[in-house]
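Along the sequence shown, residues carry numbers from 1.
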Amino acid sequence: MSGKLTVGEKIKALRESRKLSREAVAENSGLELELVHQIEDDTNIPGLSPLIKIANALGVRLGTFLDDNDHIGPEVCRAGNAEKSLSTSNTKSRSNSHLDFTSLASHKVGRSMEPFLIDIEPANEKKLILSSHEGEEFIFVMEGVVKIIYGKDEYLLNKGDSIYYDSIVEHLVCAGNNENAKILAVVYAPQ
C-alpha cells in the first residue's frame, strides 16, 4: 500500500490481499458485519477497540492502519512534524466525544507499542460506550482534565497525572470537564 489511504481503505486492501470476506473479518474479530462494512466504507469513525480487533483478525499490528512506511531503526519525531493519523469516536455517533490521534512512531517498523498524542474534544451527549481489547495502555495528561472510566471506577486526571491499565477491562477515555484535553498515550496491543 502507498499513498494517503484512509483507515477504511487500508483495512479493505489488507482484507482483500488475504482473500478474506467482510463476513470472515466480522466473525474473527467478534464485530457486527454492519460495523465492518461501515468502517471499510469510511461511514463510521471507529473507536480504538474495533480497530484492534480488526488488526488481530487480519494478523497485523494496529499501526499498520496508520502508516505505510518500512523504516528500519529508531524513529525520531521532531516537534511540529507529527501528522494527524486517525480520528475515533467514543460513542456510536460522530457527534459525541471525539479523539484525534497523532502517531509519534508511524515510520517505525515492527513496533509493539503505539505512542500517540491525542486531542480530546468533549462529549455532546452523556451516552458514552466503554470498550475493551487485549493489551495495555499508558496515559499521561498534558493539558486539561481527562476522565477515565475503568470498569466500575472513574478517575479524574489533571495535567501531569498518569494512569496505566489493562485494556481488557472495559474502559473509556474522555474530556473530564467539558473542555478540550490533550494526552500522551502509549497503547500495547499484542498480535
Check: Which atom names give the shortest non-hydrogen contact between E121 and D100, and what distance separates them?
Finding: OE2-OD2, 3.9 Å
Check: Can you find a pair of side-chain heavy atoms, one from V7 and one from I11, that are under 4.5 Å apart?
Finding: yes
Next item on the list: In sequence, state the C-alpha distance, the side-chain angles, and the governing distance for V187 and F116, and then conclude on side-chain contact (heavy atoms from CB on, under 4.5 Å).
Entry: CA-CA 8 Å; V187 178; F116 299 104; 4.3 Å; yes
Checklist line | Side chain Y188, main chain F138, donor-acceptor under 3.5 Å | finding: no
Checklist line | Value rounded to 0.5 Å, distance of CG in L172 from CD in E154 | finding: 9.0 Å
Next item on the list: Please report the shortest heavy-atom distance between H171 and S132, naming the atom on each side.
Entry: CE1-CA, 4.1 Å
Checklist line | Closest contact, heavy atoms only, M142 versus I183 | finding: SD-C, 4.0 Å
Notebook entry, point to check: Step by step, would you call I149 with L130 a side-chain contact (heavy atoms from CB on, under 4.5 Å)?
Noted result: CA-CA 8 Å; I149 301 172; L130 282 66; 3.7 Å; yes
Notebook entry, point to check: With the 4.5 Å side-chain cut-off for hydrophobic clustering, are L14 and L33 part of the same group?
Noted result: no
Checklist line | Nearest heavy-atom neighbours spanning L20 and A57 | finding: CD1-O, 4.4 Å
Item checked: Trace of the side-chain contact (heavy atoms from CB on, under 4.5 Å) decision for V25 with L58 -> CA-CA 7 Å; V25 171; L58 293 174; 3.9 Å; yes
Next item on the list: Nearest 0.5 Å please: distance from the CD atom of E143 over to the CG atom of D119.
Entry: 7.5 Å
Check: Rounded to the nearest 0.5 Å, how far does CD of E137 lie from CE of M113?
Finding: 13.5 Å
Considering only distance and modelled atom types, tabulate donor-acceptor pairs under 3.5 Å from the side chains of residues 156-164, sequence neighbours left out.
residue	atom	partner	partner atom	Å
D161	OD2	N158	N	2.8
Y164	OH	E136	OE1	2.5

Could you give the side-chain donor-acceptor pairs of residues 34-42 under 3.5 Å, partners two or more places apart or in another chain?
residue	atom	partner	partner atom	Å
E34	OE2	Q38	NE2	3.1
H37	ND1	R22	NH1	2.3
Q38	OE1	N44	ND2	3.0
E40	OE1	R15	NE	3.4
E40	OE1	R15	NH2	3.0
E40	OE1	R22	NE	2.6
E40	OE1	R22	NH2	3.0
E40	OE2	R15	NE	2.5
D41	OD1	R22	NH2	2.9
D42	OD1	T6	OG1	3.4
D42	OD1	G8	N	3.3
D42	OD2	T6	OG1	2.5

Notebook entry, point to check: If every non-hydrogen atom of I118 is compared with every non-hydrogen atom of A185, which pair is closest and at what distance?
Noted result: CD1-CB, 3.7 Å
Notebook entry, point to check: Quick one: does I54's side chain get under 4.5 Å of L31's, heavy atoms only?
Noted result: yes
Checklist line | Connected via hydrophobic side-chain network under 4.5 Å: V145 and F140 | finding: no
Next item on the list: Check step by step if side-chain contact (heavy atoms from CB on, under 4.5 Å) holds for I148 and V146.
Entry: CA-CA 6 Å; I148 308 290; V146 175; 3.8 Å; yes
Margin query: I'd like to know if the side chain of S29 and the backbone of K53 have a donor-acceptor N/O pair within less than 3.5 Å.
Written below: no
Margin query: I need the minimum non-hydrogen distance between A175 and P122, along with the two atoms involved.
Written below: CB-CA, 3.7 Å
